[in-house]
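Atoms considered below: every heavy atom in the structure, side chains included; atoms not considered: hydrogens, waters and symmetry mates.
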Amino acid sequence: MFYDLNVFKVAYAMATHAGQRQAVIAHNMANADTPGYQPRDIEGFQKAFEKSDRQVSMTATRAGHLNGATAPQPWAEFEVAPSGDPNGNGVSVEEEMFKAVEVKRQHDRALTIYKSSMNILRSSLGRS
């Protein structure tokens, strides 16, 4: 009865997307002083979710991660328009910080959806 609820799948996908996007943003910030480096990003969760008719899967980063599944990345990275630094570096630390805050909010939203859904299930079962 409660084994295939879409709300948990969406919350999981949203949290996974936030984690992957945070990794891309961190990589951009780590290369903020690298000459010629161009920033990267991944498409927003809403756009990816709207196109969810395609088959996507996650990538295991180590042997025990995702039960050892090795599949392609769910959201493709793309280059962002460069900010125009004289050394050819296109990373704007301020923009990356704004993106990081947005991603944290997305992750917190996913956890809140998950926790609220668990509380509703517990209440429906009579276990508060």
Side-chain angles (χ1 to χ4, degrees):
M1 180 175 181
F2 295 119
Y3 59 87
D4 192 23
L5 298 174
N6 285 334
V7 70
F8 292 111
K9 290 179 182 179
V10 172
Y12 177 77
M14 186 182 287
T16 303
H17 178 271
Q20 184 177 354
R21 188 163 186 224
Q22 185 65 36
V24 172
I25 291 168
H27 191 263
N28 288 344
M29 292 180 81
N31 288 290
D33 291 332
T34 304
Y37 180 82
Q38 296 303 313
R40 302 190 62 80
D41 202 352
I42 58 175
E43 65 184 348
F45 180 73
Q46 182 176 355
K47 288 181 184 177
F49 190 72
E50 288 170 354
K51 294 189 259 179
S52 63
D53 57 325
R54 65 181 183 190
Q55 290 292 343
V56 295
S57 56
M58 296 174 286
T59 301
T61 56
R62 57 186 179 277
H65 187 226
L66 299 174
N67 297 324
T70 55
Q73 299 237 356
W75 296 281
E77 293 182 22
F78 60 90
E79 285 193 10
V80 181
S83 65
D85 200 345
N87 70 355
N89 185 303
V91 177
S92 168
V93 176
E94 293 84 4
E95 288 178 22
E96 298 303 317
M97 289 175 64
F98 283 128
K99 289 179 190 176
V101 170
E102 178 186 342
V103 169
K104 183 193 181 314
R105 287 181 180 160
Q106 178 183 337
H107 190 264
D108 289 346
R109 187 178 311 119
L111 292 180
T112 301
I113 290 169
Y114 182 80
K115 288 177 186 178
S116 296
S117 299
M118 287 299 294
N119 288 337
I120 291 169
L121 281 176
R122 284 188 190 110
S123 296
S124 69
L125 296 172
R127 302 176 187 167
S128 312

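- Side chains of H17 and I42 form a contact here, defined as non-hydrogen atoms less than 4.5 Å apart.
- With sequence neighbours excluded, the residues forming a side chain to side chain contact (heavy atoms under 4.5 Å, CB included) with V101 are R105, listed by chain and number.
- Scored by the side chain to side chain contact (heavy atoms under 4.5 Å, CB included) test, T112 finds S116 as partners (sequence neighbours excluded).
- Among pairs with a residue in residues 109-120, none fulfils salt bridge (charged side-chain N to carboxylate O under 4.0 Å, His left out), at least two apart in sequence or across chains.
- Atom CG of residue L111 and atom CE of residue M14 lie 10.5 Å apart, to the nearest 0.5 angstrom.
- For T34, the side chain to side chain contact (heavy atoms under 4.5 Å, CB included) partners at least two apart in sequence or on another chain are N31, Y37, N89.
- One hydrophobic cluster holds both I113 and L5 under the rule that ILVMFWY side chains link at heavy-atom gaps under 4.5 Å.
- In terms of the side-chain hydrogen bond (donor to acceptor under 3.5 Å, both in side chains) criterion, residue partners of D108 (sequence neighbours excluded) are, by chain and number, K104.
- Across A18 and V103, no two heavy atoms sit closer than the pair O-CG1, 3.0 Å.
- Heavy atoms only, all atoms of each residue included: A11 and A110 are closest at O-CB, 3.5 Å.
- The existence of a salt bridge linking E96 and K99 is confirmed by a sub-4.0 Å separation between a basic side-chain nitrogen and an acidic carboxylate oxygen.
- Tracing side-chain contacts under 4.5 Å through hydrophobic residues (I, L, V, M, F, W, Y), one never reaches V7 starting from I120; they form parts of separate clusters.
- By the 4.5 Å heavy-atom criterion applied to side chains, E102 and F98 are not counted as neighbours.
- Between the NZ atom in K9 and the OH atom in Y12 there is a gap of 12.5 Å [rounded to 0.5 Å].
- Residues meeting the side chain to side chain contact (heavy atoms under 4.5 Å, CB included) test with A100, sequence neighbours left out: Q22, I25.
- Nearest heavy-atom pair across A32 and V93 is CB-CG2, 3.8 Å.
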